[in-house]
Amino acid sequence: MSSLRPSGTARLVADAEPADIAPDAIAVIDTHDRALSLERTALLRALEAASAATVGPHALMLRAGEATAAWLLAQLSPAAAPGPSIWLFAGPGNNGGDALCAAASLRRQGADARVCLPSEPTGPVGRWALERARAAGVPLQTLAPTPAQCAAAAWLVDGLFGIGLSRALGEPFASLARTLSARTAAGARVLALDIPSGLDADTGTIVGGELAVEVSHTLTFLAAKPGLFTGVGRDLAGHVALARLGVDDARIATLRHATAADGGVHHAAGDSTASDAAPTARHEAEPEGLPPRDEDETGHPAALPAALALNAPDGFAAAFPRRKASSNKGTFGSVAIIGGDTGTCGAAILSARAALYCGAGRVHAALIGQGGPAYDPPHPEIMMRQVDAIALDTMDGLTIGPGLGKSAHAAQVLRDVLALALPTIIDADALNLIAADPDLAARVRAQGRHLVLTPHPGEAARLLGVTTRDIEADRIDAITRLVRTYACTVVLKGSGTLIAAPDGRFAINPTGNSGLATGGTGDVLSGVIGAFLAQHLAPFDAALAATWIHGRAAEELAIAGVGPAGLTAGELAPAMRALLNRLLARRAGTSTMPETQAEE
Ligand SMILES: NC(=O)C1=CN([C@@H]2O[C@H](COP(=O)(O)OP(=O)(O)OC[C@H]3O[C@@H](n4cnc5c(N)ncnc54)[C@H](OP(=O)(O)O)[C@@H]3O)[C@@H](O)[C@H]2O)[C@@H](O)CC1
Ligand SMILES: Nc1ncnc2c1ncn2[C@@H]1O[C@H](COP(=O)(O)OP(=O)(O)O)[C@@H](O)[C@H]1O
Ligand SMILES: [K+]
């Protein structure tokens with residue numbers, strides 16, 4: 001086993017000692033069900049520079065280390081003292097510095113913290129952290145711990161790389177990353193500092209495309225990052241907690257404003273950082289018939305997103321109409337689900353049932369094809385007709401797409417629906433029709449403020465004329481382009497569904513699980529959004545509420561053993577109804593139940 005000798009170059013900094021740190025500066029908060037803002041690397045870098053200028057360059061790293069140590073000690077059973085070892089893997093940058101500070105703090109507090117540091121820290125703050133670790137008596141080695149040591153550890157800590165990773169993980173870090181991921185896969189407890197090494201914190205993709213650490217928990221610093229909650233980030237990061245390190249929202253908001261004014265934060269289409277990072281087809285021409293991207297016919301800001309946040313009930317619960325005693329079925333609106341070509345009317349029925357269970361006053365299924373049932377036997381409440389027999393202009397909200405098909409009739413119905421200028425959610429083949437017809441696309445853009453588009457990545461690719469891979473390479477960039485191109489609220493589905501509006505509001509939905517990866521769940525989502533539009537929620541609020549409830553319903557069903565394997569789309573509706581009513585009761589102050597079963 002090799003060890004690292006003191007370099008003697010770093011100096012302990014007297015004005016940055018743990019005793020000086022206010023408890024607030026190392027407090028850790030859970031990201032569960034909080035509408036936390038999500039910040040990207042450009043802003044985090046600005047924050048780092050601003051903090052270095054005020055509290056000194058070491059203060060944030062010291063706080064990150066103390067917060068990590070406190071969090072880890074809180075996870076360990078007190079009965080286990082002096083306890084099994086904690087192995088921290090430290091990289092050459094400041095993420096490694098965080099790990100070294102954490103190890104020093106753990107050691108001082110009696111824990112058996114050990115560090116694997118394959119190479120000397122490259123920067124002055126990292127070298128200072130190494131001196132702290134040495135001064136605290138932390139055992140340091142360049143080689144990886146043995147498999148037996150890894151298996152015996154209470155926690156393994158990934159402090160290899162954070163937001164400074166600039167290229168794919170190479171050796172010796174790649175082997176360490178594989179070791180950490182293998183332990184996670186074996187059910188061990190593995191904590192990533194700031195982000196799992198290899199993850200792109202802005203996009204939720206893997207830097208270089210191949211290797212990143214998978215962990216069970218992530219303690220992220222300063223602010224939550226979008227990449228932790230979308231794309232592969234959700235799988236890599238596990239359960240995410242946040243240590244703000246004493247930096248408050250107001251400070252971040254001020255900096256966001258300043259960096260946005262510089263063009264530093266926005267990661268919008270055409271942004272040079274984005275295009276350098278992922279060479280996709282994003283600079284190809286917009287679909288024919290639409291104005292160039294830089295034109296802003298809608299009066300909305302061209303650069304999106306302005307502010308990112310996690311989707312949580314606090315952000316949408318107040319938008320629902322109150323359920324007054326004097327309500328009647330008109331109060332909660334009429335919705336028509338338009339779709340169901342010959343042979344695919346099941347999609348329209350699933351969607352209509354979801355609308356029924358999510359509070360619409362009247363639900364119609366407006367079928368395009370022939371041979372569908374006269375009514376839905378378990379739900380005769382749903383009024384089923386041929387589309388031409390329903391007065392669509394009397395509806396409060398419309399869903400078009402489930403099982404619609406791409407016939408000439410379907411295209412004509414879509415054209416007629418767009419002319420109604422009603423709150424409408426457009427899904428499935430209706431999106432494919434728009435992607436193939438510049439005239440329909442132009443009509444969508446003209447009606448954008450009433451509309452929600454809900455593409456999955458394949459449909460999004462067709463809408464933008466790129467490949468699905470391009471969409472997944474940078475989902476935030478993709479939805480930004482969709483919103484700019486179609487000037488409406490967009491829901492880009494998939495793990496870590498994104499929701500964005502033309503005015504710059506932008507959210508990542510943290511709920512949902514692999515149980516939703518089954519046919520028909522998208523039809524259910526489109527029905528719920530239609531029901532919420534009919535209840536007079538604005539398009540963005542309807543999209544937020546529906547995606548959150550849809551995903552949380554799948555989670556609750558999985559807890560109950562109804563999924564993730566074998567969850568059927570139809571089972572979502574009753575679970576969504578229960579969740580919606582819990583939210584409504586909580587908002588009305590009449591709840592005697594927790595908002596989610598997971599909290600029970
Ligand atoms: N922002 C803040 O305010 C706070 C930040 N904090 C922490 O700092 C982290 C960011 O630190 P960071 O900038 O030093 O980046 P980090 O990810 O440690 O690595 C960069 C180093 O790795 C190198 N390198 C890059 N890629 C490589 C590769 N593939 N293989 C090998 N080497 C590679 C790169 O050198 P390069 O070769 O690119 O010149 C550089 O030396 C952040 O995530 C958080 O944990 C906290 O202390 C709290 C406050
Ligand atoms: N692994 C997953 N994690 C979270 N949500 C998922 C996952 N897979 C699918 N979903 C969600 O399930 C729904 C699937 O929609 P879609 O692909 O249109 O399916 P379908 O066309 O079969 O109805 C979307 O809301 C999507 O976000
Ligand atoms: K890390």
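Every number for a ligand or one of its atoms is a count from 1 in the order of the listing. Starting from 1, each residue takes its place in the sequence as its number.
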Nearest-contact summary for [atom] - protein heavy atom, Å:
| atom | result |
| --- | --- |
| atom 18 (O) of ligand 2 | K493 NZ, 2.7 Å |
| atom 25 (O) of ligand 2 | H550 CE1, 3.4 Å |
| atom 15 (O) of ligand 2 | G522 CA, 3.2 Å |
| atom 5 (N) of ligand 2 | L516 CD1, 3.5 Å |
| atom 22 (O) of ligand 2 | G520 N, 2.9 Å |
| atom 2 (C) of ligand 2 | N513 O, 3.4 Å |
| atom 17 (O) of ligand 2 | H456 CD2, 3.5 Å |
| atom 14 (C) of ligand 2 | T521 OG1, 3.1 Å |

For [X] and [Y], which I'm curious about, is there any donor-acceptor pair between the side chains at under 3.5 Å?
| X | Y | value |
| --- | --- | --- |
| T218 | T220 | no |
| E171 | S175 | yes |
| T184 | E214 | no |
| E39 | S37 | yes |
| S526 | D523 | no |
| T454 | D427 | yes |
| T547 | N311 | yes |

Where [X] and [Y] come nearest, the two heavy atoms and their spacing:
| X | Y | answer |
| --- | --- | --- |
| V215 | P196 | CG2-CG, 4.2 Å |
| I163 | A201 | CG2-CB, 4.1 Å |
| G159 | A99 | CA-CB, 4.1 Å |
| V562 | L567 | O-CD1, 3.4 Å |

Whether [X] has an N, O or S atom under 3.4 Å from the K ion (ligand 3):
| X | value |
| --- | --- |
| D194 | no |
| L160 | no |
| P196 | no |
| G162 | no |

Under 4.0 Å to a heavy atom of [X] - the qualifying atoms of ligand 2, by number:
| X | answer |
| --- | --- |
| L525 | 25 (O) |
| S514 | 1 (N) |
| R234 | 3 (N), 4 (C) |
| S495 | 3 (N), 4 (C) |
| T497 | 27 (O) |

Indicate yes or no: does D24 engage R244 in a salt bridge with an N to O separation below 4.0 Å.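 No, this pair does not count.
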
Charged N-O contact under 4.0 Å between R63 and E66: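 Looking at R63 and E66, the cut-off is not met.
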
Could an N or O of ligand 2 be found under 3.5 Å from any N or O of G519, whether backbone or side chain?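 Between G519 and ligand 2, no N or O pair is found under 3.5 Å apart.
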
Within the structure, is a non-hydrogen atom of G494 found at a distance of less than 4.0 Å from ligand 2?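 Yes, G494 has a heavy atom closer than 4.0 Å to ligand 2.
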
Can you check the angle at the K ion (ligand 3) formed by O of F161 and O of L193? Round it to the nearest 10°.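 Seen from the K ion (ligand 3), O and O are separated by roughly 110°.
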
I need the O(I195)-the K ion (ligand 3)-OD1(N95) angle, rounded to 10 degrees.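 Rounding to the nearest 10 degrees gives 140°.
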
Which of the listed options, A428, A517, A347, holds the heavy atom that is closest to atom 8 (N) of ligand 2?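 Selected option, by shortest heavy-atom distance: A517.
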
Mind jotting down which protein residues get a heavy-atom contact under 4.0 Å with ligand 1? Chain and number order, please.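 Protein residues near ligand 1 are L44, R45, E48, L60, M61, P92, G93, N94, N95, D98, T122, F161, G162, I163, G164, L165, S166, R167, A168, F173, D194, L222, L245.
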
Assign the ring pair W155 / H217 to parallel, tilted or perpendicular, where the plane angle (0 to 90°) is split at 30° and 60°.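 Plane angle over 60°, so perpendicular.
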
Answer yes or no: is there a side-chain heavy-atom contact under 4.5 Å between P510 and T31?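 P510 vs T31: side chains apart.
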
Pick one: which of I479, L482, V466 meets side-chain contact (heavy atoms from CB on, under 4.5 Å) with I471?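 For I471, the side-chain contact (heavy atoms from CB on, under 4.5 Å) check succeeds only for V466.
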
Show me the pairs that pass salt bridge (charged side-chain N to carboxylate O under 4.0 Å, His left out) and involve residues 227-237, at least two apart or across chains.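 Applying salt bridge (charged side-chain N to carboxylate O under 4.0 Å, His left out) to every pair that reaches into residues 227-237, excluding sequence neighbours, yields nothing.
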
I'd like the atom name of the N/O/S atom in D158 lying closest to the K ion (ligand 3).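 Minimum-distance N/O/S atom of D158 relative to the K ion (ligand 3) is O.
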
